[in-house]
Number of protein chains: 2
Amino acid sequence: MSQSGGRRRPPTIHDVAREAGVSRGTVSRVLNGGHYVSPTAQEAVNAAIRRTGYVVNRHARSLITGRSDSIGFLLTEPQERFFEDPNFNVLLRGCTQALAAHDIPLLLMLAGTEDERRRITRYITAGHVDGVLLVSSHSGDPVAEQLRDAGVPLVMCGKPIGVGSKISYVAADDRDGARDMVRHLVSLGRRRVGMVTGPLDTPGGVERLAGYREVLTEAGIDLDERLVASGDYSRASGEAGAELLLERAPDMDAVFVASDLMAQGVLSTLHRAGRSVPGDVAVGGFDDSSAAVASSPELTTIRQPYDRISSEMVRVLIAQIGGDDPAAVILPTELVKRQST
Amino acid sequence: MSQSGGRRRPPTIHDVAREAGVSRGTVSRVLNGGHYVSPTAQEAVNAAIRRTGYVVNRHARSLITGRSDSIGFLLTEPQERFFEDPNFNVLLRGCTQALAAHDIPLLLMLAGTEDERRRITRYITAGHVDGVLLVSSHSGDPVAEQLRDAGVPLVMCGKPIGVGSKISYVAADDRDGARDMVRHLVSLGRRRVGMVTGPLDTPGGVERLAGYREVLTEAGIDLDERLVASGDYSRASGEAGAELLLERAPDMDAVFVASDLMAQGVLSTLHRAGRSVPGDVAVGGFDDSSAAVASSPELTTIRQPYDRISSEMVRVLIAQIGGDDPAAVILPTELVKRQST
DNA sequence: TTCTCTACTGTGAACGCTCACAGAAGCATG
DNA sequence: CATGCTTCTGTGAGCGTTCACAGTAGAGAA
């Protein structure tokens with residue numbers, strides 16, 4: 001287990017080879033999958049590795065393979081959002097775990113300012129990571145295109161908007177999720193269904209609104225623009241949105257809110273206005289983040305499968321590093337019924 | 001600026017040397033500080049670097065120097081706390097910035113579970129980072145000692161508790177900060193001053209309580225254990241603590257809370273109990289985190305200089321990597337008066 | 001037998017850099 | 001003139017690994 005002496009020079013592949021009575025090449029082959037190695041040699045090498053406490057020197061390996069065996073998790077958002085939004089938490093955790101299975105460490109890079117973005121882009125394009133998991137809801141973010149043009153394997157979380165061509169992404173099926181929620185509200189007999197949207201320069205914002213409109217139209221309910229307020233995913237914008245809706249459409253009997261955090265804001269506005277939930281107004285959220293169960297009443301919401309999103313992001317990225325073409329993955333959402341509807 | 005061809009083999013130190021008409025050695029010397037290099041050669045090399053777009057290959061460098069030129073930011077807390085506590089935000093940001101000045105990337109490592117801690121410890125001790133910035137409030141965390149014993153340069157945030165010997169740390173002067181706050185409360189004429197402490201297995205928890213007791217004693221006010229409730233820095237524990245205090249000491253006219261997040265909980269309990277702040281009860285927090293100004297009324301609090309804490313952590317760590325002995329740095333706090341007192 | 005094919009193994013040559021050393025040039029000192 | 005010192009420069013070796021290649025042994029086919 002632990003080394004005997006105090007901080008000696010760590011064992012090299014050479015030491016292992018000598019110990020096992022084989023050549024460097026054979027040890028290397030064992031290390032890299034064990035193809036074309038006899039069971040006898042395999043066994044001897046593994047035993048020698050255990051005895052010497054050998055750990056592969058990643059620098060030497062990277063020098064020759066040209067790969068760094070590490071992956072960057074790049075966030076081109078203001079850092080505040082990273083900490084405010086509970087979704088990043090699960091996403092980061094999921095990616096860390098998925099990469100741990102490949103024994104790949106994750107390099108978290110925060111690039112909230114223009115200056116940091118330049119520095120980080122340079123760092124990445126210099127080949128210091130093999131690929132990038134990019135989280136950036138904003139559209140018009142040039143980083144994605146820069147990295148793609150530099151030939152860096154890249155997977156985005158959420159569908160990129162307004163980007164010329166082929167960039168991999170993994171996203172939940174926003175439109176379908178929105179449809180499920182609004183269908184649910186309509187099935188409860190609600191007819192004056194409002195919506196607080198996400199930012200409309202993001203794919204999530206656009207798609208969820210589209211799903212909302214589709215279902216109402218299908219149900220034969222006329223669209224009423226007074227029932228739509230726009231938000232930015234923050235709790236405060238949820239409060240403001242709900243105030244606007246109550247003012248313009250006091251007869252509203254349900255509201256679909258494009259994020260749980262905003263839905264919290266909606267709940268507190270409704271509470272102040274003396275409306276009961278779900279009695280007077282049914283409220284549906286989106287995300288199934290920790291905010292959904294921290295609210296009172298607990299939110300009916302659309303679960304985004306962040307665990308699967310993160311594992312898919314990792315899978316697609318690793319495939320792309322291995323030479324595969326960019327791919328898009330859309331994952332299904334799920335309606336989670338709780339007390340707010 | 002940008003490379004001409006499409007993703008050619010990147011230029012090596014050899015290409016730069018040829019371009020500049022000097023030897024590899026001279027280029028290397030320029031890259032590493034430029035000692036023993038003539039101004040002429042210096043200039044030629046720099047021009048060649050610019051022309052070729054050369055970037056040093058860190059793997060090759062690391063292979064020979066044995067250093068990795070990267071630093072780990074290790075958090076051995078449950079990941080939830082990382083996202084809940086706004087202090088981590090500023091700490092991480094500060095460290096990232098301080099390291100950026102040295103052009104050192106920061107490897108964020110989250111090790112919330114026992115299993116992850118093992119994996120990460122192995123990773124670190126294998127020499128993949130040059131040093132570690134460790135954030136872990138819990139005492140009895142074996143990771144710090146393990147890393148120290150393995151000879152890994154290490155700086156902790158906050159004074160380690162119960163650890164045998166020499167580990168570097170940077171901390172705010174908790175006791176002095178607590179003294180300032182309680183002195184402030186007493187100077188307002190308050191005599192029944194309560195406290196909600198932090199976890200008493202952390203240095204911050206212990207020291208702030210000690211400061212509280214010292215000042216009351218100095219002011220000739222008898223200590224009353226009914227006025228002390230213990231918390232765990234979470235908002236919920238602030239609410240519970242305040243309820244306990246109100247029950248045991250209804251005549252309490254001030255309360256010192258060991259974190260702003262807990263103070264938020266205290267405020268909401270006081271509000272529910274119909275006590276006005278600061279009229280009936282003055283409330284003092286600790287941290288000056290974003291929670292302090294997000295409260296209503298805004299919190300009088302003790303500012304922890306997280307910007308300086310982070311830059312000092314980086315400074316001490318880099319010095320230690322350079323061979324210096326472990327060091328302890330205690331930074332002064334500052335009383336910030338707002339509306340809650 | 002002889003040839004071919006497969007499974008396995010060892011060896012030298014890289015990868016791109018730093019480091020130690022040798023040596024050159026310039027200048028002052030004995 | 002030799003000697004020493006300082007400043008600068010080039011060269012070979014080597015860091016620990018992978019990769020391409022050559023080579024061996026054994027099995028099966030001709």
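Throughout, a chain's letter reflects where its sequence line sits, starting with A, and its residues are numbered from 1. Since the structure is predicted, the reported quantities are computational estimates derived from the model, not experimental observations.
In this model, the phosphate group of D:dT17 is not approached by any side-chain N or O of A:Ser28 to a distance below 4.0 Å at OP1 or OP2. Phosphate contact (OP1/OP2 of D:dC15, side-chain N/O of A:Thr12, threshold under 4.0 Å): absent. A:Tyr54 has a side-chain polar atom (N or O) that falls below the 4.0 Å cut-off from OP1 or OP2 of D:dT17.
Between the side chain of A:Arg24 and the base of D:dT18, a donor-acceptor pair under 3.5 Å is found. Judged by atom type and distance alone, A:Arg58 does not reach the base of D:dG16 through any side-chain donor-acceptor pair under 3.5 Å.
When the C1' atom of C:dC15 is taken as reference, atom CZ of A:Arg67 falls 13 Å away, rounded to whole Å. Between the NE2 atom of A:His35 and the P atom of C:dT6 there is a distance of 17 Å, given to the nearest Å. Taking atom CD of A:Gln42 as the reference point, atom C1' of C:dA7 lies 14 Å away to the nearest angstrom. Look at NE2 on A:His14: it is 14 Å from P on D:dT18, rounded to the nearest Å. We find that CZ of B:Arg29 is positioned 14 Å from P of D:dT7, with the value rounded to whole Å. B:His59 has its NE2 atom 13 Å from the C1' atom of D:dT17, to the nearest Å. One can place CD1 of A:Ile64 at 10 Å from C1' of D:dA20, the figure rounded to the nearest angstrom. Going from atom CG of B:Asn57 over to atom C1' of C:dG16 covers 6 Å, rounded to whole Å.
Set against D:dG16, D:dT18, C:dT9, the side chain of A:Ser38 has C:dT9 as its closest nucleotide. Comparing C:dT9, C:dC15, C:dC17 by their closest approach to the side chain of A:Thr26 singles out C:dT9. Of all nucleotides listed (D:dT9, D:dG10, D:dT17), D:dT17 comes nearest to the side chain of A:Ile13. Residue A:Arg61 has its side chain nearest to D:dT17 when only D:dC19, C:dG10, D:dT17 are considered. The side chain of B:Asn32 lies closest to C:dT18, out of D:dG16, C:dC17, C:dT18. Among the nucleotides D:dG10, D:dG14, D:dT9, the one closest to any side-chain atom of B:Val22 is D:dG10.
Considering all non-hydrogen atoms of both residues, B:Thr76 and B:Val143 come closest at CG2-CG2, 4.1 Å.
A side-chain donor-acceptor contact under 3.5 Å links A:Ser310 to the backbone of A:Tyr306. Without hydrogens or angle criteria, B:Ser62 side chain to B:Arg67 main chain gives a donor-acceptor distance under 3.5 Å. Judged by distance alone, with hydrogens and angles left aside, the side-chain atoms of A:Asp130 form a donor-acceptor pair with the main-chain N or O of A:Ser68 at under 3.5 Å. For A:Ser28 (side chain) and A:Arg24 (main-chain N/O), no donor-acceptor pair under 3.5 Å exists by modelled atom type.
Place B:Leu63 and B:Ser23 on DNA chain D by their nearest nucleotides, and B:Ser23 ends up nearer the 5' end.
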